[in-house]
Amino acid sequence: MYRIELSPGDETVFRSIEELAVAIKRGVVTPRARIFHNASSRWLPIQFHPHYKAAVSMPLSQAALVAGPQSKPLSTLSLEL
């Protein structure tokens, strides 16, 4: 799971690297976004994260791009847990 800060105060979660890749390809997640690093409990620039680099180069089907990312705002995610 990837906790992403798209812009200050706008956080979302992606459940897989494929969802993250779709969000990157569609422009939802930009290199200016930050990712929460659980081990250090800190926000880090996403462009240095190895999974971001992998997601950027991941080939995606047209169907995946049309469907879009399945992200959820953190406010609704906490209600499901």
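Note: hydrogens, waters and symmetry copies are ignored here, and every other heavy atom, side chains too, is used. As the structure is a computational prediction, the values presented were derived from the model and not from experiment.
Partners of Y2 under the ring-ring contact (aromatic ring centres under 6.0 Å, His included) rule, at least two apart in sequence or in another chain, are H51. Partners of S40 under the side-chain contact (heavy atoms from CB on, under 4.5 Å) rule, at least two apart in sequence or in another chain, are H37, R42. Among residues two or more places apart in sequence or in another chain, the side-chain contact (heavy atoms from CB on, under 4.5 Å) test is passed with T30 by R32. Qualifying side chain to side chain donor-acceptor pair (under 3.5 Å) partners for Q47, counting only residues two or more places apart in sequence or in other chains: none.
The backbone N or O of D10 sits nowhere less than 3.5 Å from a side-chain atom of S7 that would complete a donor-acceptor pair.
Tested against V29 for a side chain to side chain contact (heavy atoms under 4.5 Å, CB included), the candidates I46, V22, V56 yield a single pass: I46.
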Task: Intermediate values then yes/no, side chain to side chain contact (heavy atoms under 4.5 Å, CB included), V13 and I4 - done: CA-CA 6 Å; V13 173; I4 306 294; over 6 Å; no
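Atom CZ of R3 sits about 4.5 Å away from atom CD of E11, to the nearest 0.5 Å.
Across every non-hydrogen atom of A55 and A21, the tightest pair is O-CB, 3.6 Å.
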